[in-house]
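Worksheet: one structure, shown below.
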2 protein chains.
Amino acid sequence: MPRAVDHEQRRFEIVAGLWQIVAEQGIEGVSLRTVAARAGVSMGRVQHYFGTKDALVIAGIDLLVKQAVVGYEATVGSPPRDRLLHLLLQQIPATEAGRIGVTVWYAYVAKAMTHAAVREILAEATRVGVEECTRHVQEADGLGEVEARARAIELLSLSDGLTLRVLIGDITADEAESSIRAYSSRLPGS
Amino acid sequence: MPRAVDHEQRRFEIVAGLWQIVAEQGIEGVSLRTVAARAGVSMGRVQHYFGTKDALVIAGIDLLVKQAVVGYEATVGSPPRDRLLHLLLQQIPATEAGRIGVTVWYAYVAKAMTHAAVREILAEATRVGVEECTRHVQEADGLGEVEARARAIELLSLSDGLTLRVLIGDITADEAESSIRAYSSRLPGS
DNA sequence: CCTGTTGCGATGCGACTGTATTGCTAACCT
DNA sequence: AGGTTAGCAATACAGTCGCATCGCAACAGG
């Protein structure tokens, strides 16, 4: 068994290049060659680790979701209200890195419209998001599950919509954040 | 001056083909050849009317916005609350045609992240949407302009976020609609 | 040392891309 | 009637695409 390299590390380097391309040029800009160049590796390497362009693209959203999950899991132990706010504010592009991440995210949302595998990954991720969010609303506000779920979807949708407007440049990240805080604190405990 | 054809009609036929391609395969699927084939015309014709691929793509979002404006202008004379609801519910994909339209819309939203001209058109359209929405909130609920504007952005963002979730398949169009109605009727008049 | 296998760079191929160019055809103006 | 010209179809072209293939180099186990 020759030449032991860190398989996961190699894959991450390439996916990082993919994210940069997506953020700069959209998914349209993704090709085996552009991603390889951006990651500073040869095209053969990209092929070796992902085989096909489609697999590379799917790995891009897969890893993005996994990173978001890791960020969320760092909040275990915090009070429900804080964890809820983390879920709602997490995607609002405050930093430049955050902006890149969420730009890539929405590129994939658009991709999901015409790509079943991507849609599946996104659907699963949002499903988990709604469930977690619902739990925190229940715990924080003492609502029943049905109302809590409706609230959760409302809150998450508001967050999504505001994020889009930040990305387009319609409002600032601060405005979006204060809008979410205002709305979520306006929630009555049933 | 020979061969008088309806210039606008020709352009519309081609853009209709473009929309179908975008809805089915995303903007990635757009090429002069695929659009021409979908519209049932020759590639030369597409070139003749739009010159460049970029111009064609821009015409696609331009016409989409114009059609939305026409739909909105059909509501003049209705009470503010109804016009507000039109703005909020308009994009939720109830019919198949509506789904195609809003799918195309969000494809362009993603495109806007990396394409300045598209971003400009979208930013202008959402700016007008916020203004109109603000006016109706003021008239319907008697709020001051600042609060009304915040409410307008909140409502429109909620609508955007719910629409995205409908497109991904997370919730149904009916659930989105009733969520918006519930939220907007929950609004106190200051 | 040797051998087997993994990692991957290089290259080739056919399909497809956007754009430029060419030239015919059908209608309007005189 | 005839010339002019808008409206296009057809084609050519250089570039890029995803993918397959080939071959070498580096290193672990014998």
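Hydrogens, waters and symmetry mates are skipped; everything else that's a heavy atom, side chains included, is used. Letters go in sequence order (proteins before strands), and every chain restarts at 1.
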Are A:Y72 and A:E132 linked by a side-chain donor-acceptor pair shorter than 3.5 Å?
yes
Between the base of D:dG18 and the side chain of A:R33, is one N or O donor paired with an acceptor at under 3.5 angstrom?
yes
For the side chain of A:T34, starting at C-beta, report the closest nucleotide among D:dC17, D:dG18, D:dT11.
D:dC17
Between CD of A:E13 and P of C:dG7 the distance, given in whole Å, is 14 Å
Nearest-neighbour nucleotide for the A:M43 side chain, C:dG18, C:dT11, C:dC8 considered:
C:dT11
Check this for me: does any side-chain nitrogen of one of A:D141 and A:R81 sit under 4.0 Å from a carboxylate oxygen of the other?
yes
D:dC19, OP1 or OP2 - any side-chain N/O from A:T52 closer than 4.0 Å?
yes
In whole Å, what is the span from the CG atom of B:L56 to the P atom of C:dG18?
10 Å
What is the separation between atom CD on A:Q9 and atom P on C:dC8, rounded to the nearest whole Å?
12 Å
CA sep, side-chain torsions, deciding dist, call: A:Q9, A:E13, side-chain hydrogen bond (donor to acceptor under 3.5 Å, both in side chains)
CA-CA 6 Å; A:Q9 166 68 15; A:E13 284 170 14; 3.0 Å; yes
Between atom NE2 in B:H48 and atom C1' in C:dA20, what is the gap in whole Å?
15 Å
Separation of C:dG18 C1' from B:E28 CD (nearest whole Å):
17 Å
Can you tell me the distance, in whole Å, between the CD atom of A:Q47 and the P atom of D:dC22?
14 Å
Report yes or no: is there a donor-acceptor pair, N or O only, under 3.5 Å between the side chain of B:R45 and the base of D:dG7?
no
Just call it for B:V46: base, sugar-phosphate, or nothing, with non-hydrogen atoms closer than 4.0 Å on any strand.
nothing
Roughly, in whole Å, what's the span from CG in A:D6 to P in C:dG7?
11 Å
Is any side-chain nitrogen or oxygen of B:S31 closer than 4.0 Å to OP1 or OP2 of C:dG18?
yes
Expressed in angstrom and rounded to an integer, what is the separation of B:K53 atom NZ from C:dA20 atom P?
15 Å
Using a strict cut-off of less than 4.0 Å between a Lys/Arg side-chain nitrogen and an Asp/Glu carboxylate oxygen, indicate whether B:E145 and B:R149 qualify as a salt bridge.
no
Do the two ring centres, one from B:Y49 and one from B:H7, sit under 6.0 Å apart?
yes
Below 4.0 Å: OP1/OP2 of D:dG7 and any side-chain N or O of B:Y49
no
